[in-house]
Amino acid sequence: MIVFLSTPAHDYTHRALQNNGRVEIRRMHYGRVLTRSRLPRATYVFTDMDRLNFWELELASLLYRRLAAAGLKVLNDPARVRLRFGLLRALRDSGFNRFDAWRIEDTRRPAPADYPVFLRTESAHRGNLTDLIATPAALEEEIEKALQQGLPRRELIAIQYCAEPLRPGLFRKLAAFRVGERMVTTLAVHESKWSAKYGEIGVAGAELYDDEHAMVRDNRFGEALRPAFATGAIEYGRADFALVGGLPQLYEINTNPNHGHLKQHPFAIRLETHRLFIAALLDAYVAIDSPAESGSVQIVGWPLDAQRKHDRWMWQPRWTP
């Protein structure tokens, strides 16, 4: 059995993979597991670290250690995982990425040669907040607009533009999963905008979908992304990236990627590609699976048990009029 731990609002992401006939998958949110004294024996995958507050993150890190000490398989140590800004800066410093990122709450700003840039938030998965920004003055204007809208300064980051059209007017975002030691290439996203996120109907054709099929079948970029996952200390997640100058440039690693069923598409080859990806992903899940066993692991007495009980209001707030 594999248990995916997430925040309550985002425990739907792996729902489509349940009842797959190969591996038992359960979904539990942190508010549930951090107030329980026993947990079932399973492989535990920690996700959504970017959505936890500082105290929740610390408790999740201690739970990870308690489960590991009990001999269970655990993926994504919350104490070690690098989140969006830290990962981008580390990848830039290591030479994997050729672009940089800056926290707006810091005084350091992009140099003139670093433009264009764009703004986004560090934690939320809403994509870019702005179009491309060409000058330092324009960046300050966009920062002020974001603050006026109520976006916290500590959440704002500027990211250097680094993309390359596949052909005029068409951008392709690629993705690959890491599941334990397995790397699995997944389907691409095609859009006419540089900020490709969800995909755009009608912009790709048979040639691109044939290439996508070969890319997934051959796991073309899986191994190339392994160093980026290692830099982020991420053992489970989906890397979103693109090719720029023929080299992967990684934009983020989502530890709680949403899964869905592709049931209809104008090109039959894409449905086959999706089936190919799901089969490879389930193979990877089987490799990290823990055999179903009776019994559970006792987790009372872990280092912050008293604080956990004291702070249970964080998970079950009681409001008074």
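Just so you know, these numbers use all the heavy atoms, side chains as well, and skip hydrogens, waters and symmetry mates.
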Subject >> Leu87 and Leu91: CA distance, side-chain angles, deciding distance, side-chain contact (heavy atoms from CB on, under 4.5 Å) verdict >> reply: CA-CA 6 Å; Leu87 177 61; Leu91 290 174; 3.9 Å; yes
Original post:
Can any side-chain N or O of Arg226 pair as donor or acceptor with the backbone N or O of Gly222 at less than 3.5 Å?
Top reply: no
Original post:
Between His259 and Leu281, what is the shortest heavy-atom contact and its length?
Top reply: CE1-CD2, 3.5 Å
**OP:** State, to 0.1 Å, how close Val3 and Ala42 come at their nearest heavy-atom pair, and which atoms those are.
**Re:** CG2-CB, 3.8 Å
Subject >> Thr47 side chain to Thr255 side chain, donor-acceptor N/O pair below 3.5 angstrom >> reply: no
Subject >> Polar contact flag, side-chain donor to acceptor under 3.5 angstrom, His10-Thr13 >> reply: no
Subject >> Side chain Arg103, main chain Ile157, donor-acceptor under 3.5 Å >> reply: no
**OP:** Check whether any side-chain N or O of Thr130 sits under 3.5 Å from a backbone N or O of Leu119 as a donor-acceptor pair, and report yes or no.
**Re:** yes
**OP:** Kindly say whether Lys197 contributes a backbone atom to a donor-acceptor pair with the side chain of Glu191 at under 3.5 angstrom?
**Re:** yes
Subject >> Member of Tyr30, Tyr44, Tyr236, Tyr12 meeting the ring-ring contact (aromatic ring centres under 6.0 Å, His included) criterion with Phe4 >> reply: Tyr236
Original post:
Side-chain contact, heavy-atom cut-off 4.5 Å: Ser290 with Met1?
Top reply: no
Subject >> Heavy-atom pair with the smallest gap, counting every atom of Arg120 and Leu129 >> reply: CA-CG, 3.7 Å
**OP:** Indicate whether the side chain of Arg172 and that of His190 have a donor and an acceptor atom separated by less than 3.5 Å.
**Re:** yes
Original post:
Going hydrophobic residue to hydrophobic residue with side-chain gaps under 4.5 angstrom, can you get from Met49 over to Ile234?
Top reply: yes
Subject >> Parallel, tilted or perpendicular: ring planes of Tyr209 versus Phe267, cut at 30 and 60 degrees >> reply: tilted
**OP:** Measure across Arg98 and Val244 and return the closest heavy-atom pair with its distance rounded to 0.1 Å.
**Re:** NH2-O, 3.5 Å
Subject >> Pairing of Lys73 and Asp289 as salt bridge, 4.0 angstrom limit >> reply: no
**OP:** Heavy atoms only: give me the nearest Phe46-Ala60 pair and the separation to one decimal.
**Re:** CE2-O, 3.4 Å
Original post:
Partners of Thr186 by side chain to side chain donor-acceptor pair (under 3.5 Å), sequence neighbours excluded?
Top reply: none
Subject >> Rounded distance [0.5 Å steps], CZ in Arg220 versus CG in Leu225 >> reply: 13.0 Å
Original post:
Is it true that the side chains of Asn219 and Thr185 contain a donor and an acceptor less than 3.5 Å apart?
Top reply: yes
**OP:** Test Leu208 against Arg167 for side-chain contact (heavy atoms from CB on, under 4.5 Å), laying out the working first.
**Re:** CA-CA 11 Å; Leu208 290 181; Arg167 63 190 187 209; 4.1 Å; yes
Original post:
Are any non-hydrogen side-chain atoms of Thr135 and Tyr115 less than 4.5 angstrom apart?
Top reply: no
Original post:
With the threshold set at 4.0 Å, does a side-chain nitrogen-carboxylate oxygen contact exist between Arg82 and Asp50?
Top reply: no
Original post:
Mind checking whether Phe241 and Gln249 have side chains closer than 4.5 Å, heavy atoms only?
Top reply: no
Donor-acceptor pairs under 3.5 Å, side chain of residues 137-154 to any protein atom, not counting sequence neighbours: which ones?
from	atom 1	to	atom 2	distance (Å)
Glu140	OE2	Arg109	NE	2.9
Glu144	OE2	Gln148	NE2	2.9

Subject >> Side-chain H-bond candidate by donor/acceptor type, Asp131 with Trp194, under 3.5 Å >> reply: yes
**OP:** Taking the side chain as every heavy atom from C-beta outward, state whether Arg51 and His125 have any pair of such atoms under 4.5 Å apart.
**Re:** yes
**OP:** May I ask you to test the Leu88-Ile159 pair for a side-chain heavy-atom distance under 4.5 Å?
**Re:** yes
Original post:
Under a single-linkage definition using a 4.5 Å side-chain heavy-atom cutoff for Ile, Leu, Val, Met, Phe, Trp and Tyr, are Leu72 and Ile288 assigned to the same hydrophobic cluster?
Top reply: no
Subject >> Asp100 side chain reached by Arg89 side chain, heavy atoms, under 4.5 Å >> reply: yes
**OP:** Would you kindly say whether Arg84 and Ser123 are connected by a side-chain donor-acceptor distance under 3.5 Å?
**Re:** no
**OP:** Could you walk me through whether Asp283 and Arg182 pass salt bridge (charged side-chain N to carboxylate O under 4.0 Å, His left out), step by step?
**Re:** CA-CA 9 Å; Asp283 284 344; Arg182 301 279 188 99; 5.3 Å; no
Subject >> Straight-line distance of Asn76 CG to Leu5 CG, nearest 0.5 Å >> reply: 10.5 Å
Original post:
Got more than 12 heavy atoms from elsewhere within 6.0 Å of CG, Asp106?
Top reply: yes
Subject >> Atom pair CG/NE2 of Leu187 and His274 - distance to nearest 0.5 Å >> reply: 7.5 Å
Original post:
Does the side chain of Leu67 come within less than 4.5 Å of Leu39's, by heavy atoms?
Top reply: yes
Original post:
Quick one: ring-ring contact (aromatic ring centres under 6.0 Å, His included) pairs with a partner in residues 77-99, sequence neighbours left out?
Top reply: Phe99-Tyr251
**OP:** Look only at the side chain of Asp114 and the backbone of Ala111, and say whether a donor-acceptor pair between them is shorter than 3.5 Å.
**Re:** yes
Original post:
Can Leu271 be reached from Leu17 by stepping across I, L, V, M, F, W or Y side chains whose heavy atoms are under 4.5 Å apart?
Top reply: yes
Original post:
Would you call Trp102 and Val117 a side-chain contact if the rule is heavy atoms closer than 4.5 Å?
Top reply: yes
Original post:
Side chains of Asp48 and Thr7: do they bring a donor and an acceptor to under 3.5 Å?
Top reply: yes
Subject >> N-O pairing of Arg270 and Glu272 below 4.0 Å >> reply: no
Subject >> Point-to-point distance, once rounded to the nearest 0.5 Å, from CE of Met215 to CG of Leu276 >> reply: 11.5 Å
Original post:
Taking everything shown except Arg80 itself, do over 12 heavy atoms lie less than 6.0 Å from its CZ?
Top reply: no
Original post:
Can you name the nearest heavy-atom pair linking Gln18 to Arg26, along with the distance?
Top reply: NE2-CA, 4.0 Å
Subject >> Cluster link Met183 to Ile253, ILVMFWY, side chain under 4.5 Å >> reply: yes
Original post:
From Thr231 OG1 over to Asp93 CG, what is the distance, rounded to the nearest 0.5 angstrom?
Top reply: 10.0 Å
Original post:
If you measure only the distance, is there a donor-acceptor pair under 3.5 Å linking the side chains of Arg92 and Gln160?
Top reply: no
Original post:
Mind checking whether Phe171 and Ile201 sit in one hydrophobic cluster, side chains of I, L, V, M, F, W, Y counted as touching below 4.5 Å?
Top reply: no
Subject >> Atom pair CG (Asn20) and NE2 (His14), whose distance is rounded to the nearest 0.5 Å >> reply: 11.5 Å
Original post:
Is there a donor-acceptor pair under 3.5 Å between the side chain of His29 and the backbone N or O of Gly31?
Top reply: yes
